[in-house]
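A short write-up of the structure that comes next.
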Amino acid sequence: MTVPEKPTIEGLEPIWGERWESAGTYRFDRSRSRREIYAVDTPPPTVSGYIHVGHVMSYTHTDVIARFQRMAGKMVFYPMGWDDNGLPTERRVQNHFGVRCDPSLPYDRDLDPDALERPNGEPVAVSRPNFVELCGLLTAEDERAFEELFRRLALSVDWSMTYATIDERSRRASQRAFLRLLTRDLTYQADAPTMWDVDFRTAVAQAEIEDREVSGTYHRVNFELEAGGSVEIETSRPELIPACVALVVNPEDERFRELVGKHALTPLFGARVPIVAHRLADPEKGTGIAMICTFGDMTDVIWWRDHSLPTRVVVQRDGTIAPRRWGQPGWESKDVVAAIAAQSELAGLSTTRARKRIAELLAQSGHLVGAPTPVRHAVKFYERGERPLEIISSRQWFVKTLEFREELVKRGRELHWHPEHMRARYESWVEGLNTDWCVSRQRFFGVPFPVWYALDDRGEPDHEHPLLAAEERLPVDPSSDVPEGFTAEQRGAPGGFVGDPDVMDTWATSSLTPQIAGRWCEDDDLWGRVFPMDLRPQGHDIIRTWLFYTVLKSHLEHDSLPWTNAAISGWVLDPERKKMSKSKGNVVTPMPLLERYGADAARYWAASARLGADTAFDESQIKVGRRLTIKVLNASRFALSIEAADGVVTETLDRSMLRQLAETIGEATRAFTAYDHARALEVTERFFWSFCDDYLELVKGRAYGGRGADAAASAVSALRAALSVLLRMFGPFLPYVTEEVWSWWREGSVHLAPWPTEAELAQAAAGADPAVLDVTAAVLGEVRKFKALNKQSLRARAERVVVRDKPDHLAILEAVAADLREAGNIERLETIEGDAFAVETTLASA
RNA sequence: GGGCGCGUAGCUCAGCGGGAGAGCGCUUGCUUCACACGCAAGAGGUCGUAGGUUCAAAUCCUGCCGCGCCCACCA
């Protein structure tokens, strides 16, 4: 045993970080059976995003659970992944290298990003595979920053199993999953109205949409009826009047009943539109009669579909108003000249500018009723977008989702949620789904669809019969690879082929993290041992995306849940309880905190937060963690530095302490088993402080030999038994300091030691009374209080202490009198029977 | 509009049917031989609010107020 003179927590982290790595402490041993394995579906962090304290919290939660399971006897499968897909990376690469992606270009094997010619500073067009390579260069740096943090935090992951969502295996898994869904008709292609971001110029899915409150303007507009007379509608989007294809009223609405089936004329454009009835029309809103445009919102799409209305699109993919097409088929007007004139006024304008312009035109023509009124209303945005979403018809890939809603709700009920109430979010999301999952994106950095389309004689693609890549060829990039039976020269030529230009939604890949990490279809042996996994840890903000899509994919592909437990961490809010965000400038970065207080201290703070609970960031809690860490070090030094032979635990006080400890083990184990790590920490910590403040003080003198060798041996044995247990109980929370202390006197890693059980203390603690320690500590406390109130040192000698208490308590004091007198420096200890507990202390005169 | 969660000491949070708690902060002491990155003591709360159930309610039920979030609507 080698116990340092002045133990310190400084410098422990690099030492143990390296030893764990070289010893393979957290290596996954795949020879273990499924029942012995605990598999974690680790969240791959978005590496191009910023690192904040929230990462420390949620990843610590996962690690604490993993470490408990490992000590409890499970072989933990705990890989790390990096999510490098997505728009943020794409944007950074464009700016950093001065390039733009052109999927029609062939791959350039010799592209040197540093030697690109950029005449006039224009971005250089590169092929998709080249663009993806450049993304890889940048994300590699980001990954290093995260890995540095996670290693410092002592996440007990097996770093040899790390994956990235853009790496070859992930692309292969994504494409394989897609092809398998396609052959089972669970994914399909459709030319349909979809939510569309006009800045990113891509379709987006329902899950990526958020509402934002913005300013708008209501315009009351007059529509002339074909049969004479007119009706008024109210709209916040008058620029869509040229896209109006019908008016709609509620079938129950008496006011408009006789209008149904008649026709109206759109103002300025003179298009003849029917008045239809639909239950979704709300008599309470606006004037009770609304215009149906192609397309203003998702309700328009429903009306349009249910009434088989024509399509008249005026908003283009870049968000501007389309040029005039009046007079052409589908664009009939009572007054084509006027319609063309009006359209010319709007063509090319953004929707916001077109809105202002058409309001002027409506006012001039007398169709605007009253003045436009400003309102605040919620509008749908792409979560990363800056302008409201439009609904645009385009060809997209969809995964069937709507028809599985009930089954997916059932899956959600099979899953063990921690905390339980997070299931409600999942259910309300699933029940509110209104479209299938749009998985195609008109972007570049991502996993391409492994399909091509044959071109007919006129060079038109045949979307009905895509040419699929064979699974053995995956991953493929259809912009560079050639479908079977064709040659590279036939790309784009009539009778030849084209590749699908789109990439998949990043969630299409992320939803396969169990399959990627478990090497689905690539390593059947591993897959059989880890799937379905045991744990999905994640934040509540991505229940509707990551969690939902993973459940969906697993349900469709494997007819099972992907995991049995979901542990949902809360958010770390700023001290004002606001969400941390880069734009608010209130983001707390974790590395400086780790450097100041140590990783164990930061982990202590993180683990103190319960699952699902949002926590306001409070640096003082990390300081508490640092105190605890140092305390563990010093208390351990004390327990181990006493030169006394081990012996048998015989003393009442020692046995009482061990009995309390045994109960603490039970509580902590139950808490951990119920995924309540915060409680496990709390009970362990509570015991530990009382162990230090009361028990250590009480046995100090005896341990030093004040009452002979046997009494000392009892104390020393009890101290060491308790220390062994406490180090293991703190192990999941404070991996560095516990490992350090463990190394002073034990072989191997504390993190591979068995989780303590009540049974291992059974012999020493059998029949012991847990109350002994409390009764004794209460008396000691009273004596200390008396000294403190008299401004004396706690070591000050007490001439006489009289305890009044119930007979059973006095019997306890009798048994521990020697320890108590030593700890309190008490000359004479006397007892009197009485109902009310009281202690009378007489100090020695100075 | 529907749903979920939360409102307990100045702060961060436990407790969830029978004593109102912890840590931080504050005040006052103590150089005690593991630790001054320490130890001890003290002050501090009508447990959001109004009812109800109960012998007993911070804890269960109902209404209301406030905060946060999720979903839906958004003419």
Side-chain angles (χ1 to χ4, degrees), chain A residues 3 5-9 211 213 216 218-221 233-237 247-248 280-293 296-300 375-380 419-434 540-541 543-544 570-571 573 575 577-579 597-598 601 605 608-610 612-621 623-642 678-679 682 685-686 689 692-693 696-697 700-701 704 780-781 783-796 823 825:
Chain A
V3 182
E5 262 311 303
K6 271 271 171 198
T8 169
I9 59 169
D211 284 357
E213 179 105 330
Y218 280 152
H219 305 73
R220 191 170 278 244
V221 180
I233 60 107
E234 200 162 66
T235 177
S236 58
R237 301 205 57 186
L247 298 182
V248 64
L280 285 183
D282 184 349
E284 302 294 314
K285 284 184 182 150
T287 60
I289 180 162
M291 62 173 185
I292 302 175
C293 306
D297 61 29
M298 286 314 283
T299 320
D300 279 344
V375 286
R376 296 286 296 173
H377 62 163
V379 175
K380 288 195 189 309
E420 184 73 30
H421 70 253
M422 288 295 174
R423 173 184 289 112
R425 299 198 179 194
Y426 172 87
E427 284 191 12
S428 64
W429 174 253
V430 175
E431 282 160 1
L433 282 170
N434 55 34
H540 49 58
D541 51 328
I543 288 174
R544 71 180 192 177
W571 272 342
L573 307 170
R577 297 210 138 265
K578 296 272 177 284
K579 189 184 170 184
Y597 303 108
W605 160 77
S608 304
R610 286 170 159 65
D614 293 346
T615 331
F617 178 69
D618 183 2
E619 197 165 319
S620 69
Q621 297 302 310
K623 292 183 191 164
V624 176
R626 183 178 169 85
R627 278 190 352 129
L628 175 64
T629 308
I630 293 169
K631 195 76 176 175
V632 168
L633 210 53
N634 285 310
S636 302
R637 185 183 111 75
F638 169 70
L640 294 175
S641 63
I642 298 167
R679 176 158 176 79
E682 189 190 315
E685 193 192 1
R686 193 194 307 142
W689 283 108
C692 290
D693 297 340
L696 287 188
E697 293 303 325
K700 206 179 264 183
Y704 280 128
L780 182 61
V783 175
R784 284 169 175 167
K785 183 195 287 190
F786 189 80
K787 291 177 181 175
L789 290 174
N790 287 282
K791 308 197 173 183
Q792 296 289 306
S793 151
L794 293 181
R795 280 308 303 167
N825 197 12

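First the proteins, then the strands, lettered A, B, ... as listed; each starts at 1.
If you take CD of A:E420 and P of B:C4, they are 13 Å apart, rounded to a whole angstrom. When rounded to the nearest whole Å, the span between NE2 of A:H421 and P of B:G68 equals 17 Å. The separation between A:D211 atom CG and B:A72 atom P is 8 Å, rounded to whole Å. We find that CD of A:E619 is positioned 18 Å from P of B:C37, with the value rounded to whole Å. Here B:G3 presents its P atom at 16 Å from CZ of A:R425, a figure rounded to the nearest Å. Rounded to an integer number of Å, the gap from CD of A:E685 to P of B:G21 is 19 Å. Summarising the geometry, the separation between CD on A:Q621 and C1' on B:C24 is reported as 6 Å, rounded to the nearest angstrom. Rounded to whole Å, the distance from NZ on A:K791 to C1' on B:G42 is 12 Å.
B:A58 and B:G45 have their C1' atoms separated by 11 Å, given to the nearest Å. Distance noted for atom P between B:A72 and B:G19: 46 Å (whole Å). Atom name P, nucleotides B:U32 and B:A40: the rounded distance is 15 Å, in whole Å. The P atoms of B:A9 and B:C13 are separated by 12 Å, rounded to the nearest whole Å. Taking atom C1' on both B:C47 and B:A57, the two are 11 Å apart, rounded to the nearest angstrom. Nucleotides B:C65 and B:G23, compared at atom P, are 38 Å apart to the nearest Å. Using P as the reference atom, B:A22 and B:G44 are 14 Å apart when rounded to the nearest Å. Annotation: B:G38 and B:C33 have their P atoms spaced 15 Å apart (nearest Å).
No engagement by A:R686 is indicated, since no non-hydrogen atom pair under 4.0 Å with the nucleic acid exists. Within 4.0 Å (heavy atoms only), A:L794 reaches at least one base atom of the nucleic acid. Using a 4.0 Å heavy-atom criterion, one finds that A:E697 contacts the bases of the nucleic acid, with or without backbone contacts as well. In this structure, A:K787 reaches neither bases nor backbone, as no heavy-atom distance under 4.0 Å exists between it and the strands shown. When heavy atoms are screened at a 4.0 angstrom cut-off, A:A281 is found touching base atoms of the nucleic acid. Heavy atoms of A:R237 sit nowhere under 4.0 angstrom from any nucleic acid atom. Among the atoms of the strands shown, base atoms are found under 4.0 Å from some heavy atom of A:L696. Residue contacts for A:K623: at a heavy-atom cut-off of 4.0 Å it reaches no nucleic acid atom on any strand shown. The residue A:W689 sits close only to the backbone: its heavy atoms come under 4.0 Å of sugar-phosphate atoms, none of a base. Residue A:Y218 is classed as a sugar-phosphate contact, given heavy-atom separations below 4.0 Å to backbone atoms only. Note on A:S236: only backbone sugar-phosphate atoms sit closer than 4.0 angstrom, heavy atoms only; bases stay farther off. Among the atoms of the strands shown, none is found under 4.0 Å from any heavy atom of A:S641. Across all strands, A:K785 comes closer than 4.0 Å only to sugar-phosphate atoms, never to a base (heavy-atom distances). Within the nucleic acid shown, A:R637 comes within 4.0 Å of sugar-phosphate atoms alone, with no base atom in reach, counting heavy atoms only.
Here the closest heavy-atom approach between residue A:I233 and residue A:I289 is recorded as CG2-O, 3.3 Å. Of all non-hydrogen atoms in A:G570 and A:D614, the two that sit nearest each other are CA-OD1, 3.4 Å.
With a 4.5 Å cut-off on side-chain heavy atoms, A:R795 and A:K787 do not count as touching. Here the side chains of A:R637 and A:L633 are not in contact, with every heavy-atom distance at 4.5 Å or above. The closest side-chain heavy-atom distance from A:V624 to A:W605 is not below 4.5 Å. Within the 4.5 Å cutoff, no side-chain heavy atoms of A:K578 are placed close to those of A:L573. Under the 4.5 Å side-chain criterion, counting only non-hydrogen atoms from C-beta, A:R237 is not in contact with A:H219. A heavy-atom distance below 4.5 Å is not found between the side chains of A:F638 and A:N634.
Candidate nucleotides B:U12, B:A75, B:G38 were compared by shortest atom distance to the side chain of A:R627, and B:G38 ranks first. In this structure, of B:C11, B:C71, B:A75, it is B:C71 that holds the atom nearest to the side chain of A:W429. Here the nucleotide nearest the side chain of A:A290, chosen from B:C24, B:A75, B:A36, is B:A75. Minimum atom distance to the side chain of A:A788 is reached by B:A40, of the listed B:C33, B:A40, B:C73.
OP1 or OP2 of B:C71 sits under 4.0 Å from a side-chain N or O of A:R544. Between A:S428 and B:G2 there is no side-chain polar atom (N or O) within less than 4.0 angstrom of OP1 or OP2.
Side-chain atoms of A:D693 and base atoms of B:C39 include no donor and acceptor less than 3.5 Å apart.
Pair assignment for B:C6: B:G66, on the basis of Watson-Crick or G-U wobble contacts that are both within less than 3.5 Å. Using N1 to N3 plus N6-O4 or O6-N4 for Watson-Crick, or N1-O2 and O6-N3 for G-U wobble, each under 3.5 Å, B:A40 pairs with B:U28. Pair assignment for B:G45: none, as no Watson-Crick or G-U wobble contacts are both less than 3.5 Å.
Closest-nucleotide positions on RNA chain B for A:A616 and A:C692 were compared, and the one nearer the 5' end corresponds to A:A616. Residues A:I9 and A:R577 both approach RNA chain B. Their nearest nucleotides, taken by heavy-atom distance, put A:R577 toward the 5′ side.
Electrostatic pairing of A:K631 and A:E685 does not count as a salt bridge here, judged by no charged N lying under 4.0 Å from a carboxylate O.
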